[in-house]
Amino acid sequence: MFLTFYLKDKSQVYLTANKGILKTDSNDMEILGNVVVKNSTYRLKTENLLYRHNQRIIFSTVPVKVSGAAFNLVADSMFLNLNTTMKSK
C-alpha cells in the first residue's frame, strides 16, 4: 500500500507498507508489515503503525528505526503529529 499525507506547510509525508486496514466509519487505519514513513529529511521503519484521522497523528507501540542525514535512532515506540511542521533547520 502507498499513502501520501499532506501537511499544513504543504510538505508531504509518504507511507508504504505490506497491508493496511481502513475503518470506514472513522477513516482510522492500522498499517502492517514493512512500514516505511518518509519525508524529504527523515525515514522511519517499523512493523506496525496506527493512524488516527480526527487527530491527524500516526504512532507505533512497537520498535521503530528513524534515520536522517546525520543520525540513526532506535526507539521502543513513536508518535508523530501531522498537524505540525517537519522541516529540518
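Hydrogens, waters and symmetry mates are skipped; everything else that's a heavy atom, side chains included, is used.
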Taking all non-hydrogen atoms of both residues into account, name the closest pair between [X] and [Y] and its distance.
{"X": "Lys45", "Y": "Val36", "value": "CG-CG2, 4.1 Å"}
{"X": "Val35", "Y": "Glu47", "value": "CG2-O, 3.6 Å"}
{"X": "Gln12", "Y": "Asn39", "value": "O-CB, 3.6 Å"}
{"X": "Ile58", "Y": "Phe5", "value": "CG2-CZ, 4.4 Å"}
{"X": "Thr46", "Y": "Asn48", "value": "CG2-O, 3.5 Å"}

With sequence neighbours left out, what residues match Ile21 under side-chain contact (heavy atoms from CB on, under 4.5 Å)?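 Partners of Ile21 by the side-chain contact (heavy atoms from CB on, under 4.5 Å) criterion, ordered by chain and then number, come out as Lys19, Glu30, Leu32.
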The criterion is side-chain hydrogen bond (donor to acceptor under 3.5 Å, both in side chains); which residues satisfy it with Arg52, sequence neighbours excluded?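 Here no residue qualifies.
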What pairs with Thr24 under side-chain hydrogen bond (donor to acceptor under 3.5 Å, both in side chains), at least two apart in sequence or on another chain?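 Expected list: none.
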Other members of the hydrophobic cluster containing Leu50, with the 4.5 Å side-chain heavy-atom rule, please.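 Members other than Leu50 - counting any ILVMFWY side chain reachable under 4.5 Å - are Ile57, Phe59, Phe79.
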Hey, could you give me the CG/CG distance between Asp28 and Asn54, rounded to the nearest 0.5 Å?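 That separation rounds to 6.5 Å.
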For the NZ atom of Lys38 and the CG atom of Leu44, what is their distance to the nearest 0.5 Å?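 Output value for this atom pair is 12.5 Å.
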Between Leu15 and Leu49, is any pair of side-chain heavy atoms under 4.5 Å apart?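 Yes, at least one pair of side-chain atoms sits under 4.5 Å.
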Backbone N/O of Gln55 and side chain of Asn83: donor-acceptor pair under 3.5 Å: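 Flag set: sc Asn83 to bb Gln55 pair under 3.5 Å.
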Looking at residues at least two apart in the chain, or sitting in another chain, which of them share a ring pair (Phe, Tyr, Trp, His ring centres under 6.0 Å) with Tyr14?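 Tyr14 satisfies ring pair (Phe, Tyr, Trp, His ring centres under 6.0 Å) with no other residue.
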Output a table of donor-acceptor pairs, distance under 3.5 Å, between side-chain atoms of residues 68-77 and any protein atom two or more places apart or on a different chain; print 'none' if there are none.
none

Take Val66 and Met78, measure what side-chain contact (heavy atoms from CB on, under 4.5 Å) needs, and give me the verdict at the end. CA-CA 10 Å; Val66 182; Met78 63 77 58; 5.8 Å; no
